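Below you'll find the structure I mean.
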Amino acid sequence: MHDLTRRLPPSAFHYLGGELHCEGVSLSEIAAKVGTPFYCYSATRLRERYRALAAALDPLGVKIHYAMKANGNQAVLSLFALEGAGVDIVSGGELNRALSAGMLAERVIFSGVGKTASEIEAALKAGIHQLNVESFEELRLIDAIAGSLGLVSEVVLRVNPDVDAETHAKITTGKKDNKFGIDIALLDRLDNEVKSLEHVKLVGIASHIGSQIMRTAPLIATYARLLEVADMLKGRGFAISRIDLGGGFGIPYENQIELSPTDIADAIATTVAGKGYALAVEPGRTLVADAGILVSGVTYVKDAGHMQFAVLDAAMNDLVRPAMYDAHHDIVPVREPVPGTQMTDYDVVGPICESSDTFAKRLTLPEIKSGDLLAFATAGAYGATMSSTYNARDLIPEVLVEGSRWATIRRRVPIAEQIGWDRVPDWLKTV
Ligand code: LLP
């Protein structure tokens with residue numbers, strides 16, 4: 001049995017007086033106030049992660065654009081905006097969220113393979129820093145919209161370097177057959193395409209090959225490729241001044257060793273740094289994952305004869321990563337186990353009516369009972385943002401802790417309120 005708290009950063013989560021705390025606040029106290037399940041983030045840890053990466057990248061002149069899809073809560077965005085971060089967005093909705101949290105438009109990068117005309121228009125009107133273009137079709141649309149607004153839009157081309165990120169297939173984006181970016185082999189078309197468009201100006205290139213990357217080799221291959229392409233395009237007369245290196249830096253959920261700020265900085269230093277290009281990265285997960293946990297109640301311990309199920313009140317709609325990517329999250333009891341506590345194997349499951357609502361199989365945990373609280377580690381990234389209301393469940397609260405203070409940063413959205421979002425047409429009304 002591994003150390004239960006190995007994935008909980010001590011500056012954020014630790015046992016105090018027999019109870020798991022987030023910084024100075026007891027999690028069972030928060031649970032009593034907001035109900036379970038809920039997400040809980042440590043402000044101190046979020047800042048610590050940002051500052052460690054910034055300290056490694058600042059000397060190389062690399063700007064950080066936080067990929068807010070990992071955690072787009074307004075409070076989290078405000079915290080990073082105060083740190084001076086920019087943001088990477090992938091929708092008009094994220095543009096709204098970023099701006100309303102105080103992110104500066106001139107620090108916004110807009111990525112994504114399917115930007116709609118209205119999203120492009122909103123981005124141009126807001127005056128964002130950079131549109132990362134993923135196809136010639138999109139380039140023409142941006143040209144038309146910029147023209148109608150009387151603007152010239154600076155654009156960056158997202159290229160597909162055909163590098164294997166060596167990660168889960170569902171989060172690999174840099175192979176030729178992935179829908180993302182423009183195949184480098186097609187860049188010959190640029191001379192005709194870009195030079196005929198009057199309202200776009202190509203100023204850089206970008207790439208993002210995937211998420212949860214654990215080795216520097218694929219990053220180094222990508223960055224080196226980007227430098228080659230940038231130099232090649234410059235040679236062809238394009239005024240390329242920026243390279244956006246994407247995100248994807250992996251963190252340990254289990255036994256892996258994280259890609260540290262120094263690893264990332266070294267990969268950049270040995271490839272693209274100091275070559276005359278303005279550099280940016282788009283990290284999401286690495287900044288927020290270990291600063292967050294999901295706290296769940298145990299509804300039943302179901303004795304199935306040959307095995308035990310721990311049936312929680314959290315479900316796959318609250319944290320979908322295990323069901324969707326077979327992802328592992330360490331599970332930690334909120335009440336500190338006393339020495340000598342009996343260890344038992346559990347399948348840890350949610351209440352949703354499908355078997356994929358399983359968080360862990362045959363997990364050895366200190367004996368648990370109904371009414372206990374459990375915390376899922378490393379749940380600050382792609383947890384709340386990927387949640388849904390499947391099975392007519394509430395959207396659960398998110399809480400931010402700093403020192404001895406805490407605040408609900410998203411309230412529960414109860415099902416009664418969600419029912420009010422539906423409309424029954426007159427001809428079907430029964431009540
Ligand atoms: N930039 C672009 C263009 C991206 O598509 C992504 C993530 C990022 C940056 C940030 O990647 P990160 O640094 O967080 O690895 N839902 C999945 C992860 C999907 C990532 C999608 N794109 C998960 O829960 O593992």
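Atoms within a ligand are numbered from 1 in the order they appear, just like the ligands themselves. Numbering of residues begins at 1 and proceeds along the displayed sequence. Just so it is clear, the structure is predicted and the values come from calculations on it, not from any experiment.
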Requested in this report: Nearest heavy atom to atom 25 (O) of ligand 1 wins, so pick from Arg285, His208, Met386, His65.
Outcome: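 Looking at heavy atoms only, Arg285 sits closest to atom 25 (O) of ligand 1.
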**Report entry** Heavy-atom pair of closest approach, residues Asp318 and Asp394
**Finding:**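 For Asp318 versus Asp394, the nearest heavy atoms are OD1-O, 4.3 Å.
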Requested in this report: Examine the proximity of ligand 1 to Phe180 and report which part, side chain or backbone, both or neither, has a heavy atom under 4.0 Å away.
Outcome: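 Neither part.
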Query raised in the report: Has the side chain of Glu94 got a donor or acceptor atom that lies under 3.5 Å from a matching backbone atom of Val90?
Result: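 Looks like yes, one N/O pair under 3.5 Å.
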Query raised in the report: Does NZ or CZ of Arg410 lie under 6.0 Å from the centre of the six-membered ring of Phe38, at an angle within 45° of the ring axis?
Result: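 The answer is no, since Arg410 fails at least one limit relative to Phe38.
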Query raised in the report: Which heavy atom of the protein is the closest neighbour of atom 17 (C) of ligand 1, given with residue, atom name and distance?
Result: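 Of every protein heavy atom, Tyr325 OH, 3.1 Å lies nearest to atom 17 (C) of ligand 1.
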Query raised in the report: When only distance counts, is Ser211 in polar contact with ligand 1, meaning an N/O pair under 3.5 Å?
Result: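 By distance alone, the answer is yes.
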Requested in this report: Inspect the surroundings of OH in Tyr300 and state if more than 12 heavy atoms from other residues, nucleotides or ligands are less than 6.0 Å away.
Outcome: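 For Tyr300, atom OH is not crowded (no more than 12 foreign heavy atoms under 6.0 Å).
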**Report entry** Under 3.5 Å donor-acceptor, Asn71 side chain and Gly380 backbone
**Finding:**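 The answer is yes, because a donor-acceptor pair under 3.5 Å joins these two groups.
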Query raised in the report: Cationic tip of Lys234 within the cone over Tyr277's six-membered ring, i.e. under 6.0 Å and within 45° of the normal?
Result: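 Flagged: Lys234 positioned over aromatic ring of Tyr277.
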Query raised in the report: To which of Arg321, Lys69, His168, Glu134 does the heavy atom nearest atom 5 (O) of ligand 1 belong?
Result: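 When every heavy atom of Arg321, Lys69, His168, Glu134 is considered, Lys69 comes closest to atom 5 (O) of ligand 1.
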Report task. Report yes or no: is the cationic atom of Lys195 (NZ for Lys, CZ for Arg) closer than 6.0 Å to the six-membered ring centre of Phe238, at no more than 45° off its axis? Result ->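 Output yes; distance and angle both within limits.
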Query - Nearest protein heavy atom with distance in Å, relative to atom 20 (C) of ligand 1 - result: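 Residue, atom and distance for the closest contact: Tyr382 OH, 3.6 Å.
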Query raised in the report: Would a distance-only check, ignoring hydrogens and angles, find a side-chain to backbone donor-acceptor pair under 3.5 Å from Lys115 to Asn132?
Result: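 Present.
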Query raised in the report: With distance as the sole test, does Asp183 use its side chain to make a donor-acceptor pair with the main-chain N or O of Ala185 at under 3.5 Å?
Result: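 Here the side-chain-to-backbone pair exists.
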Query raised in the report: Under 4.0 angstrom from ligand 1, any heavy atom of Asp88?
Result: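 Yes, Asp88 has a heavy atom closer than 4.0 Å to ligand 1.
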Query raised in the report: At a non-hydrogen distance cut-off of under 4.0 Å, which region of Glu282 contacts ligand 1 (side chain, backbone, both, or neither)?
Result: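 Both backbone and side chain.
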**Report entry** Min N/O separation Gly284 to ligand 1 under 3.5 Å
**Finding:**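 Such a contact does occur with ligand 1.
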Requested in this report: Report, in ascending order of atom number, the atoms of ligand 1 lying under 4.0 Å from any heavy atom of Pro283.
Outcome: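 Close to Pro283: 13 (O).
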Query raised in the report: Is it the case that more than 12 heavy atoms not belonging to Arg335 sit under 6.0 Å from its CZ atom?
Result: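 No, because the 6.0 Å sphere around CZ of Arg335 holds 12 heavy atoms or fewer from other groups.
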Query raised in the report: For ligand 1, which atoms, with element, lie under 4.0 Å from some heavy atom of Ala67?
Result: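 Reading through ligand 1 atom by atom, the close ones are 8 (C), 9 (C), 10 (C).
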Query raised in the report: What is the nearest protein non-hydrogen atom to atom 19 (C) of ligand 1, stated with its residue, atom name and distance?
Result: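 Here the nearest protein heavy atom works out to Ile171 CG2, 3.7 Å.
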Report task. Please verify whether a non-hydrogen atom of Arg158 lies at under 4.0 Å from ligand 1. Result ->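 Contact check Arg158 vs ligand 1: positive.
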**Report entry** Close approach, Gly248 and ligand 1, non-hydrogen under 4.0 angstrom
**Finding:**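 A heavy atom of Gly248 does come that close to ligand 1.
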Query raised in the report: For Ala70, is the nearest heavy atom under 4.0 Å from an atom of ligand 1?
Result: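 Under 4.0 Å: no for Ala70.
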